[in-house]
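Accompanying notes for the structure given below.
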Amino acid sequence: MQAEPKPGTLYIVGTPIGNLEDMTFRAVRILQAVDIIAAEDTRHTGKLLQHFQVHTPQISYHEHNRTGRIPEILTYLHYGKAIALVSDAGMPGISDPGHELITACIAAGIDVVPIPGATAAITALSVSGLATSNFVFDGFLPAKRQHRREYLETLLTETRTLVFYESPHRLRETLGDLGQILGVNRTMVMARELTKLYEEIWRGDIKEAIAYYQEKDPQGEYTLVVAGASPSQPEITEAQLRAELSQIIKQGVSRSQASRQLAQETSISRRYLYQLALSIDQESV
């Protein structure tokens, strides 16, 4: 016989990231049996609960009300209520609200129990074909370009597989920064709309990813999986390529010829190098 939720316990419940069939039996049982469900968006979670015939009352817990809501939830827990925390999709606390509440419960001596479910990062990594024995999950990169580029600089020599989340409206900028900082030859996988109707898993390298989204508008939420740096052969960054092109052009060679020469030396696409050459200011050469 399965145990009922323990009074005064916070349950961290994973929910589907798209396909409702990924909901676990255990998650449904816990949501049915707890006293309260703390949800990132009660309307969104309400549809999930209706689908699985869960009638447990909800309260909201999200980024904008967490400061006031945490003491309230702690009070419920101290009085013996069992509470389930859910986010809109995936595991709460993983690039979703939950971390502050979890740490507050731990500090207060309240039991925190995981009810595992799908996460986009692990789902994408598992089908990426890149190394999975060691990886780094970095969530969403900084929104401001300067901060994002500075952060990527700290990952330049990271040999573990890199996993990021990115929104469609920043994808092109982020791909450009990945190419310039980490090097355009890095293998990467872009997973979009995982487990949903329009799921797409794209594989290639960063320069091909940049070209792909020059022709196509980004849509949906993305998980980016990027190969780590080779310990024996450092990547050529976009900044380095620009510098090499500038040096060749200063010798009186045309941008087209410079691109062709560097392509032969590096095995990087001549078309990509030519686009870089065209973007170099005339004054710098």
Side-chain angles (χ1 to χ4, degrees), residues 1-127 137 139 163 165 191 193-197 199 221 223:
M1 183 175 179
Q2 295 174 325
E4 291 299 312
K6 183 181 174 183
T9 299
L10 178 69
Y11 291 87
I12 309 303
V13 181
T15 57
I17 59 176
N19 194 319
L20 292 181
E21 292 181 359
D22 293 335
M23 189 74 167
T24 69
F25 291 115
R26 186 184 179 203
V28 173
R29 179 176 63 82
I30 291 296
L31 293 178
Q32 289 173 334
V34 294
D35 298 297
I36 301 168
I37 296 171
E40 180 180 3
D41 183 333
T42 55
R43 292 169 299 179
H44 181 91
T45 298
K47 297 175 183 178
L48 177 75
L49 300 183
Q50 183 179 12
H51 181 84
F52 289 104
Q53 300 181 1
V54 175
H55 305 293
T56 305
Q58 295 186 77
I59 60 172
S60 64
Y61 175 81
H62 49 72
E63 182 179 357
H64 304 293
N65 75 349
R66 60 191 177 192
T67 301
R69 190 66 91 185
I70 288 175
E72 180 183 349
I73 293 175
L74 289 176
T75 299
Y76 283 132
L77 291 164
H78 282 306
Y79 277 97
K81 298 292 186 182
I83 298 180
L85 176 66
V86 300
S87 63
D88 289 348
M91 286 298 292
I94 308 299
S95 289
D96 273 330
H99 172 72
E100 291 84 357
L101 175 59
I102 292 167
T103 56
C105 287
I106 293 170
I110 294 167
D111 287 340
V112 180
V113 176
I115 310 296
T119 61
I122 299 301
T123 302
L125 179 66
S126 69
V127 297
F137 173 61
V163 185
Y165 289 156
E193 297 290 89
L194 283 166
T195 79
K196 299 177 184 177
L197 180 62
E199 175 182 276
E221 298 299 319
T223 303

**Message:** For Asn19, is there any backbone N or O sitting under 3.5 Å from a side-chain donor or acceptor partner on Thr195?
**Reply:** yes
**Asked** Do Asn65 side-chain atoms and Ser60 backbone N/O form a donor-acceptor pair below 3.5 Å?
**Response** yes
Given side chains that start at C-beta, do those of [X] and [Y] come closer than 4.5 Å, heavy atoms only?
X	Y	result
Glu100	Tyr61	yes
Leu101	Ile70	yes
Thr15	Thr45	no
Leu74	Cys105	yes
Ile36	Ile83	yes

From [atom1] ([X]) to [atom2] ([Y]), nearest 0.5 Å:
X	Y	atom1	atom2	answer
Leu85	Met91	CG	CE	9.0 Å
Arg26	Leu31	CZ	CG	11.5 Å
His64	Arg69	NE2	CZ	14.0 Å
Lys47	Asp41	NZ	CG	8.5 Å
Glu221	Leu194	CD	CG	11.0 Å
Ile17	Lys196	CD1	NZ	8.0 Å

**Asked** Does the side chain to side chain contact (heavy atoms under 4.5 Å, CB included) test come out yes or no for Asp35 and Tyr76, once each step is laid out?
**Response** CA-CA 9 Å; Asp35 298 297; Tyr76 283 132; over 6 Å; no
**Prompt:** Between Gly14 and Ala27, what is the shortest heavy-atom contact and its length?
**Reply:** O-CB, 4.0 Å
**Item:** Atom of Asp96, atom of Ala89 and distance for their closest heavy-atom approach
**Value:** OD2-O, 3.0 Å
**Message:** Going by ring-ring contact (aromatic ring centres under 6.0 Å, His included), name the residues that satisfy it together with Phe137, two or more places apart in sequence or in a different chain.
**Reply:** Tyr165
**Asked** Hey, which of Ile59, Thr42, Val54 is the one that makes side-chain contact (heavy atoms from CB on, under 4.5 Å) with Ile37?
**Response** Val54
Residues 109-125 side chain polar contacts: donor-acceptor under 3.5 Å, at least two apart:
residue: Asp111; atom: OD2; partner: Lys6; partner atom: NZ; Å: 2.8
residue: Thr123; atom: OG1; partner: Thr119; partner atom: O; Å: 2.7

